[in-house]
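These numbers were taken from a predicted model, which means no experiment stands behind them.
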There are 2 protein chains.
Amino acid sequence: MNRAAHAAQPGRPPLRDFAHSLPMALLRGREAVMECFRPLLAESGITEQQWRVMRALGDSGEQDMAKLARRCCILPPSMSGIIRRLEQRGHARRRPARDDQRCTLVSLTPAAHRLMDEHGRVSEQKYKEIEMIFGRANLDKLYRLLAELEVSLGALRRRRPSRRR
Amino acid sequence: MNRAAHAAQPGRPPLRDFAHSLPMALLRGREAVMECFRPLLAESGITEQQWRVMRALGDSGEQDMAKLARRCCILPPSMSGIIRRLEQRGHARRRPARDDQRCTLVSLTPAAHRLMDEHGRVSEQKYKEIEMIFGRANLDKLYRLLAELEVSLGALRRRRPSRRR
DNA sequence: AAAAATTCGTTAATATATTATCAAATTTCC
DNA sequence: GGAAATTTGATAATATATTAACGAATTTTT
C-alpha cells in the first residue's frame, strides 16, 4: 500500500505522492542540512533562530525589527521574543529610531561579534565538508533554482488581489 | 555596508553572505512555496503540520508514531500533541499494536479522508499554477538536487561517531 | 488642524519545536 | 530466568510560530 491508501475517484487525478510534495521536499532537504549544523549550534549555545538573526545583523548592520523579520523569514511576534532573549544574554541592543519613533533599531554587541567569529569559523568548516561531498556545481545549481523559484512564486502571488511586502 | 559589517581578520576567510547560507536559501524557497499554500490551508481550517501528518497517513495508511514522526520531519513530542488535536477533531484514531504494546498505531478517520479529498483538489490546482510558471523541468531538477543533497549529507553524517535513526 | 487610515512593535492565545526526563514495554546479555 | 540496556510514547520547560488584537506614532485625507 505505497500509493493512495484509499481509492481515487475515477474522474479526478489523485493527490501526488507525499514524497513529491514540494514543501515536504524542501523541508527534508533543509532538515538534512540542519542536522549537520545543529550540533555546532548547540555547542555554541545558540538557537537556530538566534543565529539567523545574528547573521542578518552581522551582514547588514543595524536595522529595524520589520526589515529584520522579513529578511530572516521570522514573523514580528516571534522576532519580538528572539530579540528580547538576545538582549538578555547581552548579544543585542535596541534603540528607537529618531526620525520615526515607531521603529526599533536593533544591533549586535561586541560580545555577539566575538561569538559570531568563533561560531562562524566552525560553521565555515562544516560548509567545506558539505561542498566537498555534494559538489560545488550541485550547490550552485541548487542556489540558482531556489532563487528562480522565489522569483516565479513571487510573480504568481502578485497577480491576485493581495498586499505585497 | 552590504557585506561584512565588521572587519574580517586578514588570515581567515570571512563568513559567507547571509544570502548564500544554505539553510537560509532552503528556508526562503520553502517560505515562498508555503505562502502559496497557507491561504488554502487556512480556508480548510487545518495547520501546516496537521496536513503534513494527514498526507503521510493517507499515503501509506496506518503507521506508528515513530515512523510517522520520521517521515514528517516532526519530533515525537510535537507529534504527540498534533495527533492528540487531530483526534479531538475527529480526524485521527490511535490504538496500541498488539505485537508490541509500546507502539501506538495511528490512522485516519473517514471524515479525514473526506477533508483530504476536498483540500487535495484545491492543492493540486495550485500545484498546476506553480508548475506552469516555474516549469516542469525546473521542478524536476529541484527534486533531484534535493534528493541528492539528502543522500550526500546522510553519508557525511554517517561517518562520524553518531547514533543514526 | 483634526479625523481617518496606516504602520510598527508588542501582547495574548494557541500550536508547534526542542531538549531533558520518565514510565512502561521490550530486547539483550549473562 | 533475570538484571541491564534499549525502545516507545509521553510530559515538562522553554523557545518559536501563527493569528488576532491593541496602543502608539505617523501619514493621508478632509
When the distance from [atom1] of [X] to [atom2] of [N] is rounded to whole Å, what number comes out?
X: A/Leu75; N: C/dA12; atom1: CG; atom2: P; value: 18 Å
X: A/Leu105; N: D/dA25; atom1: CG; atom2: P; value: 16 Å
X: A/Leu68; N: D/dT16; atom1: CG; atom2: P; value: 13 Å
X: B/Arg85; N: C/dT14; atom1: CZ; atom2: C1'; value: 8 Å
X: A/Ile82; N: C/dG9; atom1: CD1; atom2: C1'; value: 14 Å
X: A/Trp51; N: D/dT16; atom1: CH2; atom2: P; value: 15 Å
X: B/Glu87; N: C/dA15; atom1: CD; atom2: C1'; value: 17 Å
X: B/Met34; N: D/dT18; atom1: CE; atom2: P; value: 9 Å

Can you tell me if [X] touches the phosphate of [N], counting only side-chain N or O atoms and a distance under 4.0 Å to OP1 or OP2?
X: A/Thr47; N: D/dT16; value: yes
X: A/Gln49; N: C/dA17; value: no
X: A/Arg94; N: C/dT10; value: yes

Any base atoms under 4.0 Å from [X], or only sugar-phosphate, or nothing? Heavy atoms, all strands.
X: B/Arg98; value: nothing
X: A/Arg95; value: nothing
X: B/Pro76; value: nothing
X: A/Ser78; value: base
X: A/Arg84; value: nothing

### Query
Between A/Met79 and B/Met79, which has a closest nucleotide on DNA chain C that is more 5'?
A/Met79

Nearest to the [X] side chain among [options], which nucleotide is it?
X: A/Asp100; options: D/dA25, C/dA17, C/dG9; value: D/dA25
X: B/Arg102; options: D/dT6, C/dT18, C/dT10; value: D/dT6
X: A/Ser80; options: C/dT18, D/dA25, C/dT10; value: C/dT10
X: B/Gln101; options: D/dG9, C/dA25, D/dT16; value: C/dA25
X: A/Asp64; options: D/dT18, C/dG9, D/dA17; value: C/dG9
X: B/Pro77; options: D/dT18, D/dA24, D/dT11; value: D/dT11

### 5' precedence on DNA chain D between B/Ala42 and B/Ala66 (nearest-nucleotide basis)
B/Ala66

### Query
Taking NZ, NE, NH1 and NH2 as the nitrogens, is one of them in A/Lys126 or A/Glu129 under 4.0 Å from a carboxylate oxygen of the other?
yes

### Query
Is it the case that more than 12 heavy atoms not belonging to A/Glu124 sit under 6.0 Å from its CD atom?
yes

### Task
Establish, yes or no, whether the cationic atom of A/Arg71 lies under 6.0 Å from the six-membered ring centre of B/Phe18 and within 45° of the ring axis.
no

### Query
Would B/Glu31 and A/Arg70 satisfy salt bridge (charged side-chain N to carboxylate O under 4.0 Å, His left out), going step by step from the backbone distance to the final call?
CA-CA 11 Å; B/Glu31 279 302 303; A/Arg70 271 193 310 263; over 6 Å; no

### Task
Using a 4.5 Å cut-off on heavy atoms from C-beta on, say whether the side chain of A/Tyr127 contacts that of B/Leu22.
yes

### Task
Find the distance between NE2 (B/His20) and CG (A/Asp140) and round it off to the nearest 0.5 Å.
8.0 Å

